[in-house]
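Step one of this worksheet: look at the structure below.
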Amino acid sequence: MPELPEVETIKRDLEKEVVGKRIRSVDVSGMRSIRRHPNKKHFITKLEGHKIGGVKRKGKYLVIKLDSPDVLVAHLGMSGQLLRTRGTKDPLNKHTHVVITFTQGGALRFVDPRTFGELFVTPSDELEDHVPELAHLGFDPVDDMMSWTRFGDLLMARKAKLKTLLMDQRFAAGIGNIYSDEILFAAGLRYDRSSDSLTSQEVRRLYRAMVETLQEAIKHRGSSLADEQYRDLFGESGGYQNMHKVYDREGQACRRCRSTIVRVKVNGRSSFLCPQCQV
DNA sequence: CGATCTACCTGATGGC
DNA sequence: TGCCATCAGGTAGATC
C-alpha cells in the first residue's frame, strides 16, 4: 500500500513521536511478521531496554536507530500500518502482530492484514551487507538531488517502459503503482513509452513531474484509497487521493482536457491514464 | 542481461 | 443469503 509519500509521512511523525522513547516490552503474536528471525526471543531481546535514536527512510523502508549496534527495519508491504497509541485501552485490531511498549507509556503497534509487511532487527554497521534489498535500491527521488541530464543518462542506460522503470526499486526507490501513474500524467507521457525514446524536453518534464508529484503528495500526507488501508501514525487518512488526476479515476473526466480516463493492465497491475494528455 | 509470471496473504466487492 | 471470482498500495524468485 504505502509508497514513498506515505512512508515519508510516517517517518516524520515517528521522529516527533517515538525518538527518545525507551522500549519497555515487545509482544509478538506470530512469526510471519518477523520471519527473518529464527524465533520471537531473537527479535524481542534485541529491542527490549533500548532507546530509539532516530528514523530514516530508504525508498519504502523505514530504518529506526537504536542505542545499540542494531536498527529496527520496517517495510509495510501492501497493508501494513504503524500506529502510535497512548493508552493500552484501545482494543487491539485483529491483525495486530507486534506491539512495542515504551517505558514512558504508550506503544507502537504493527498492524498488517495481508502480512506482506515485516519488521526485523539487524546490525546498523554495513546495514546494506546484511539487507541486500537495501543495497539494491536506486536513487531516492525526493532526497537525492540530481541534474536532469544525469536523470536522462539513467533513462538512456535502460530500455524499459517508463511505468515499469519508475516502479523498479533498483532504478528509483519508493515509487509504486499510484504515483507512477500520477507522475506520468503530470509529465504528459504514456506508461509504455520506452525510456530511451525521450527528447531532452521530455526528460526534464518527467524529472520535474516525479519530484513535484511526490513532494505534493507528502504535503497532503499521502493517499488513502476507498478501503482506507493506508493510515498515518495516528490512524488518520491522508488527503492526496482527492488530488489524483488519473489513479482510480477510470471513466471520469480528465481534469485537464475532459477526455475519459482509461484503465489498462501493465505487468498485471491496473494503470490509469488520459489518452489525450499523455503521448 | 531483462521481461514476465507466480506466490505470498486477508478482506472487500460484485455477479449469479 | 451464500458461493465464487476478481481485485487491492509490494516484492522476491523462478522461468523464459
Side-chain angles (χ1 to χ4, degrees), chain A residues 1-11 29-36 57-62 73-82 93-98 110-120 130-138 141 154-184 191-196 213-214 217-218 220-232 237-244 246-251 263-272:
Chain A
M1 135 262 267
E3 304 180 30
L4 187 153
E6 291 78 30
V7 178
E8 179 67 20
T9 301
I10 294 167
K11 179 227 163 190
S29 67
M31 281 306 296
R32 171 95 179 132
S33 299
I34 56 160
R35 52 192 174 271
R36 295 199 195 202
R57 180 186 57 75
K58 289 182 178 291
K60 299 173 194 171
Y61 291 84
L62 287 166
V73 180
H75 192 286
L76 303 177
M78 291 277 254
S79 60
Q81 302 175 346
L82 281 175
N93 176 298
K94 183 182 173 190
H95 300 287
T96 304
H97 306 301
V98 179
F110 179 64
V111 179
D112 187 15
R114 290 181 71 183
T115 73
F116 292 167
E118 62 170 335
L119 301 181
F120 59 91
H130 302 284
V131 191
E133 299 93 308
L134 292 178
H136 296 153
L137 289 178
L154 293 178
L155 289 174
M156 287 300 288
R158 301 279 296 267
K159 292 178 205 278
K161 288 178 180 174
L162 285 181
K163 166 133 177 159
T164 308
L165 190 54
L166 285 176
M167 288 181 66
D168 183 347
Q169 302 303 298
R170 293 174 179 232
F171 175 74
I175 301 170
N177 205 35
I178 294 178
Y179 293 103
S180 55
D181 282 3
E182 293 299 319
I183 289 165
L184 288 168
Y191 64 91
D192 54 358
R193 280 285 294 280
S194 180
S195 63
D196 62 350
T213 299
L214 295 170
I218 292 168
H220 289 85
R221 302 184 59 78
S223 302
S224 296
L225 300 188
D227 61 10
E228 297 284 324
Q229 286 226 56
Y230 164 67
R231 295 306 187 94
D232 67 17
S237 297
Y240 193 69
Q241 63 282 359
N242 301 316
M243 321 273 292
H244 288 179
V246 287
Y247 191 85
D248 214 15
R249 296 195 67 241
E250 181 187 20
R263 178 207 292 249
V264 294
K265 283 276 180 202
V266 180
N267 302 335
R269 317 283 299 277
S270 284
S271 291
F272 302 84

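Quick caveat: nothing in here was measured; it's all calculated off a predicted structure. Letters A, B, ... are given to chains in the order of the sequence lines, protein chains preceding strands, and every chain is numbered from 1.
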Atom-pair distance (CD on A:Q241; P on C:dA8), nearest Å: 17 Å
Atom pairs, N/O to N/O, protein against nucleotides 1-4 of chain B, distance under 3.5 Å?
from	atom 1	to	atom 2	distance (Å)
B:dA3	OP1	A:K159	O	2.8

Gap between atoms CG and P, on A:L225 and C:dC7 respectively (whole Å): 16 Å
All side-chain hydrogen bond (donor to acceptor under 3.5 Å, both in side chains) counterparts of A:K11, not counting sequence neighbours: A:E15
Atom CE of A:M156: over 12 foreign heavy atoms under 6.0 Å: no
Euclidean distance, atom OH of residue A:Y230 to atom P of C:dG10 [Å, nearest integer]: 14 Å
A:E3/A:K60 salt bridge by N-O under 4.0 Å criterion: no
A:H75 side chain near C:dT11 phosphate (N/O to OP1/OP2, under 4.0 Å): yes
Sugar-phosphate only, base, or nothing, as touched by A:R263 at under 4.0 Å among non-hydrogen atoms: sugar-phosphate
Atom pair distance, as rounded to whole Å: CD1 in A:I178 and C1' in C:dC7: 14 Å
Test: A:D112 and A:R32 ion pair at under 4.0 Å: no
Face-to-face contact A:F116 to B:dC8 six-ring, under 5.5 Å, under 30°: yes
Value in whole Å for how far the C1' atom of B:dC8 lies from CD of A:E118: 12 Å
d(CG, A:L166; P, C:dT11) in whole Å: 14 Å
Atom-to-atom span, CG of A:L62 to P of C:dG10 - whole angstrom: 15 Å
For nucleotides 10-15 of chain B, tabulate all protein N/O to nucleotide N/O atom pairs closer than 3.5 Å, reporting atom names and distance.
from	atom 1	to	atom 2	distance (Å)
B:dT10	O4'	A:P113	O	3.2
B:dT10	O3'	A:H95	NE2	3.2
B:dG11	OP1	A:K94	NZ	3.0
B:dG11	OP1	A:H95	NE2	2.5

Lys NZ or Arg CZ of A:R263 over A:F272 ring: under 6.0 Å, within 45°: no
Sugar-phosphate only, base, or nothing, as touched by A:S33 at under 4.0 Å among non-hydrogen atoms: nothing
Secondary structure string for DNA chain B (Watson-Crick or G-U under 3.5 angstrom, | for other-strand pairs): .|||||||.|||||||
Of A:R32 and A:G268, the one whose closest DNA chain B nucleotide lies more 5': A:G268
Carboxylate-amine/guanidinium contact A:K161 A:D192, below 4.0 Å: no
side-chain N/O A:Q169 vs C:dG10 OP1/OP2, d < 4.0 Å: no
Geometric class of the A:H220/A:Y240 ring pair [parallel <30°, tilted 30-60°, perpendicular >60°]: tilted
Salt bridge (Lys or Arg N to Asp or Glu O under 4.0 Å) involving A:R193 - partner list, sequence neighbours excluded: A:E202
Partner residues of A:R221 under the side-chain hydrogen bond (donor to acceptor under 3.5 Å, both in side chains) criterion, sequence neighbours left out: A:D13, A:D232
Closest heavy-atom pair and its distance - A:A173, A:P141: O-CD, 3.2 Å
Whole-Å gap separating C1' (C:dT11) and CE (A:M167): 10 Å
Heavy-atom side-chain contact between A:L4 and A:Y179 under 4.5 Å: no
Polar side chain donor-acceptor pair, A:K163 to A:S271, under 3.5 angstrom: yes
